S.K.: 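My questions will all concern the structure given below.
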Number of protein chains: 2
Amino acid sequence: MDTADVKNRARRSSGRPTLADVASRAGVGTITVSRALRDPERVSVDLRTRIFAAIDALGYVLNPNASALASARADVIGVLVPSLTNNVFAEVLRGIHDGLRDSRLQIQFGNTHYSEEEEERLVRMFLSQHPSGLIVSGIDQTPATRALLEKAGCPVVQIMEVGPDPVDMMVGFSHFEGGRTVTQHLLDAGCRRIGFLGARMDPRSHRRLSGYRSVMEAADCFDLSLVTTTTLPSSVSMGGELFKTAFAKTPDLDALVCNNDDLAMGVLFACHRAGLDVPGRISLAGFNDLEMMSVAFPSITSIRTPRFEIGHQAIAMVQAAMSGERPSEPVVDLGFELKVRESTSRANTQNI
Amino acid sequence: MDTADVKNRARRSSGRPTLADVASRAGVGTITVSRALRDPERVSVDLRTRIFAAIDALGYVLNPNASALASARADVIGVLVPSLTNNVFAEVLRGIHDGLRDSRLQIQFGNTHYSEEEEERLVRMFLSQHPSGLIVSGIDQTPATRALLEKAGCPVVQIMEVGPDPVDMMVGFSHFEGGRTVTQHLLDAGCRRIGFLGARMDPRSHRRLSGYRSVMEAADCFDLSLVTTTTLPSSVSMGGELFKTAFAKTPDLDALVCNNDDLAMGVLFACHRAGLDVPGRISLAGFNDLEMMSVAFPSITSIRTPRFEIGHQAIAMVQAAMSGERPSEPVVDLGFELKVRESTSRANTQNI
DNA sequence: GCCCAAGATGGTAGCGCTACCAATTCAGAT
DNA sequence: ATCTGAATTGGTAGCGCTACCATCTTGGGC
């Protein structure tokens with residue numbers, strides 16, 4: 001019965017077993033095998049057992065390309081982040097991967113390098129595969145990207161921030177409030193000449209800066225010369241350099257709010273090197289609460305941001321949407337937490 | 001509207017333009033469009049222009065799933081790394097992405113969490129898509145994984161290490177020699193009671209430890225109680241904890257070789273906190289040379305490892321292999337570089 | 001003028017899977 | 001008995017693309 005069959009198949013087959021091989025070995029139709037794989041509940045236990053036995057015996061693995069073509073849906077979730085150097089996004093990715101355990105979904109991941117054009121290109125590329133979901137960073141897509149996302153035909157989650165107008169769903173926290181909270185903490189601790197250091201100055205950094213500014217203005221402490229930023233990438237050494245610039249401009253600084261922890265760490269080292277006591281002479285706070293902040297000497301006050309949780313939640317939202325559940329609230333604010341540590345201990349803020 | 005057409009096509013088409021749409025608009029055969037996309041040289045300039053005009057007009061994007069199915073080859077490179085928390089692999093990924101600019105290749109990336117079983121599962125999963133290449137970390141695959149890789153039917157690059165028996169190609173450096181070099185440097189600086197701190201203790205950590213041990217034994221300084229390790233993940237705080245353990249065991253320590261920079265940073269902070277001068281009382285060296293090592297106070301001696309370059313080179317090797325070039329030497333050793341800094345400055349090693 | 005190689009182009013048959021129906025069975029309702 | 005609907009299973013026609021040939025030029029060597 002299969003002479004003709006063999007003659008026909010020999011031409012281009014990859015040599016690997018196919019669904020049809022499994023089906024004939026198990027004595028069922030191909031579609032039943034497909035169902036046993038995608039939705040086991042819909043196949044009787046009896047057949048299911050035989051089918052899985054055949055799969056094991058043949059070492060069958062489903063061909064995801066054929067599956068994606070036939071169903072116009074790839075078991076892939078596209079993830080776009082602006083950077084990998086940045087520890088923060090590595091943890092988001094970890095959260096995403098963790099949320100994906102025991103799922104057949106794959107992550108396809110792209111690095112936009114903080115470029116909106118690159119983001120648009122990647123969204124286009126990802127959409128061409130008909131992904132099951134898309135996760136993008138931030139809320140500042142170009143109009144063209146936004147239009148692409150709106151007709152993506154799959155769940156879309158914007159992560160890291162919350163805002164009023166989600167493409168589909170959103171999970172993050174308010175960088176503006178984060179900036180406010182850490183600045184207010186420094187004011188409460190008695191600091192007045194509180195500088196702001198920022199690198200990269202992507203939209204999220206700007207919103208943190210706005211938070212800083214709003215609190216400083218309310219306290220009548222704002223002074224533009226207290227703000228030192230660069231569009232260059234953030235790094236520990238950049239923290240040191242920004243500190244030098246800031247200290248030269250405003251030597252009466254009594255505290256620094258850093259746009260992120262890398263910078264804060266750079267400031268700490270620079271202060272050590274310059275013999276400036278932290279927090280005795282200068283109080284110091286970071287943003288994100290990387291693991292090292294709590295063990296630094298002195299330990300450094302920071303805003304703990306729910307990076308892992310954001311990834312986890314984003315995947316949960318994608319999966320829920322895939323099974324038809326619409327979230328009651330499409331925007332999830334995971335908040336943040338101020339971690340007060342030695343670097344802003346108020347006992348030392350008197351001597352200014 | 002054209003009823004017949006709609007009746008036939010409306011059923012399952014995705015609604016997006018296909019190759020056939022482009023072909024009919026350009027007045028050519030579908031295969032010619034396919035060729036214009038994959039290998040423009042083989043299509044006359046005249047047709048090429050018309051085809052690309054049609055593509056632009058229709059907003060056509062190639063369906064990678066259909067392409068992969070038909071050609072039994074996906075434009076995807078699978079990348080397996082053991083961790084994302086670890087900065088080191090983030091930089092390798094950066095190098096990979098950077099090497100991929102202007103290529104239609106995509107990265108599909110998987111996290112093995114330092115588990116050989118997970119690695120095997122992921123290799124199997126990746127291979128099911130017929131990737132164009134595979135990049136895996138390390139050289140300690142299970143026999144089953146190795147067998148899968150050997151008949152992968154695509155270029156395979158093992159990264160991070162070099163060894164005698166590549167599956168296909170290899171790019172990395174010798175962790176054993178790295179461990180030797182940094183330890184020898186400490187010996188040369190006059191240290192004798194040189195401890196080793198290690199976390200995670202994956203195979204690469206073990207090889208660094210072996211390097212340490214071989215040099216220490218040659219100098220007749222080896223003492224098992226100088227070695228403090230844990231299988232728990234590496235972190236800055238873990239560095240502090242290992243330091244406490246080590247210092248309690250061997251209070252006459254005059255130097256520490258850390259398995260990586262995170263640990264070294266933790267040790268530095270712990271020393272600050274304990275009032276132990278670095279390098280006055282204890283010399284300190286890390287491994288990998290993360291950016292912050294050079295700006296820490298004191299700056300920390302480390303082994304600079306070519307992480308970005310490894311990713312870059314791995315992609316270059318995959319691409320070369322895809323176009324049929326076999327490298328003259330399948331194993332590329334990118335080496336490493338000892339960065340001597342304040343934390344091991346010999347001026348301070350007398351007072352032991 | 002003829003032949004053949006090389007280059008350009010196209011027709012068609014799959015690649016391996018799933019959507020869409022249809023067919024079958026069986027329990028429970030009428 | 002007959003009908004109805006749910007549950008289970010299968011046949012078949014694509015999904016959109018590329019491999020494999022076939023065909024049709026063109027140009028140069030003899």
Side-chain angles (χ1 to χ4, degrees), chain A residues 4-24 26-51 55 58 60-75 104 128-130 132 153, chain B residues 5 7-24 26-51 55 58 60-75 104 128-130 132 153:
Chain A
D5 220 352
V6 167
K7 211 187 310 173
N8 285 335
R9 301 181 63 229
R11 203 159 62 88
R12 276 172 64 189
S13 91
S14 63
R16 290 196 334 204
T18 70
L19 253 198
D21 297 329
V22 175
S24 78
V28 299
T30 57
I31 187 66
T32 306
V33 178
S34 175
R35 270 198 285 259
L37 253 23
R38 299 194 83 74
D39 195 0
E41 302 302 306
R42 289 176 51 200
V43 175
S44 66
V45 182
D46 176 35
L47 284 194
R48 225 188 296 168
T49 325
R50 273 158 56 199
I51 288 169
I55 286 175
L58 294 170
Y60 171 76
V61 184
L62 185 121
N63 181 325
N65 299 125
S67 172
L69 177 59
S71 65
R73 180 60 65 224
D75 287 332
R104 66 161 172 263
S128 72
Q129 309 175 53
H130 300 277
S132 290
Chain B
D5 214 354
K7 210 187 308 171
N8 285 334
R9 304 183 64 226
R11 203 159 64 88
R12 277 173 65 189
S13 92
S14 64
R16 290 195 334 203
T18 68
L19 254 198
D21 297 329
V22 174
S24 77
V28 299
T30 57
I31 186 67
T32 306
V33 179
S34 175
R35 271 198 284 259
L37 253 23
R38 300 194 82 74
D39 195 1
E41 301 303 305
R42 289 176 50 200
V43 175
S44 66
V45 182
D46 177 35
L47 285 192
R48 226 189 294 168
T49 326
R50 273 159 55 199
I51 288 170
I55 286 175
L58 294 170
Y60 170 77
V61 185
L62 185 123
N63 182 325
N65 298 125
S67 172
L69 176 59
S71 65
R73 179 62 66 224
D75 286 333
R104 66 160 170 262
S128 72
Q129 309 175 53
H130 299 277
S132 290

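The structure presented is a predicted model; accordingly, all values stated were derived computationally and were not measured. Naming convention: chains lettered A, B, ... in sequence-line order (proteins, then strands); numbering from 1 in each chain.
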S.K.: Please report the distance, rounded to the nearest Å, between CG in B:Asp75 and C1' in D:dC17.
M.R.: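 Distance check: B:Asp75 CG to D:dC17 C1' gives 12 Å.
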S.K.: Go through C:dT12, D:dC17, C:dT18 for me and flag the one nearest to the B:Leu19 side chain.
M.R.: D:dC17
S.K.: Does B:Arg48 reach the side chain of B:Ile51, with side-chain heavy atoms less than 4.5 Å apart?
M.R.: no
S.K.: Of the non-hydrogen atoms in B:Leu58 and B:Pro17, which two are nearest, and what is the gap between them?
M.R.: O-CG, 3.5 Å
S.K.: If you take any heavy atom closer than 4.0 Å to DNA chain C, which residues from residues 37-47 of chain B end up in contact?
M.R.: B:Val43, B:Ser44, B:Leu47
S.K.: Nearest whole Å is fine: how far is C:dC15 P from B:Asn63 CG?
M.R.: 18 Å
S.K.: If each of B:Ala66 and B:Arg35 is mapped to the nucleotide of DNA chain C with the nearest heavy atom, which maps nearer the 5' terminus, i.e. the 5' end?
M.R.: B:Arg35
S.K.: Nearest 0.5 Å please: distance from the CG atom of A:Leu69 over to the NE2 atom of A:His130.
M.R.: 9.0 Å
S.K.: Are any of the side-chain heavy atoms of B:Ile55 and B:Leu37 separated by less than 4.5 Å?
M.R.: yes
S.K.: Once you round it to whole Å, what is the distance between C1' of D:dG16 and CZ of A:Arg73?
M.R.: 16 Å
S.K.: To check you understand the geometry: which heavy-atom pair defines the closest contact between B:Val61 and B:Arg16, and what is its length?
M.R.: O-NH2, 4.3 Å
S.K.: Tell me which nucleotide among C:dC17, C:dC15, D:dT12 gets nearest to the side chain of B:Ala70.
M.R.: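 That would be C:dC15.
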S.K.: In this structure, how many angstroms lie between the P atom of C:dG16 and the CG atom of A:Leu62, rounded?
M.R.: 12 Å
S.K.: If the cut-off is 4.0 Å, is B:Ser67 near the phosphate of D:dT18, judged by side-chain N/O to OP1 or OP2?
M.R.: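 Checking B:Ser67 against D:dT18: at least one side-chain N or O falls below 4.0 Å of OP1 or OP2.
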S.K.: Looking only at heavy atoms, what is the nearest atom pair of B:Pro64 and A:Ser128, with distance?
M.R.: CD-O, 3.3 Å
S.K.: Compare side-chain N and O positions of A:Thr32 against OP1 and OP2 of D:dT9 and report whether any pair is under 4.0 Å apart.
M.R.: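 For A:Thr32, the contact criterion (side-chain N or O under 4.0 Å from OP1 or OP2 of D:dT9) is not met.
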S.K.: Any chance the side chains of B:Arg38 and B:Ser67 put a donor and an acceptor closer than 3.5 Å?
M.R.: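 The criterion, which ignores hydrogens and geometry beyond distance, is satisfied for B:Ser67 and B:Arg38.
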S.K.: Whole-Å distance between D:dG16 P and A:Leu69 CG?
M.R.: 7 Å
S.K.: Taking only the side-chain heavy atoms of B:Ile31 (C-beta and beyond), determine which of D:dC20, D:dG16, C:dT18 contains the nearest atom.
M.R.: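 Within the option list, the nearest is D:dC20.
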S.K.: Nearest whole Å is fine: how far is C:dG10 C1' from B:Arg50 CZ?
M.R.: 13 Å
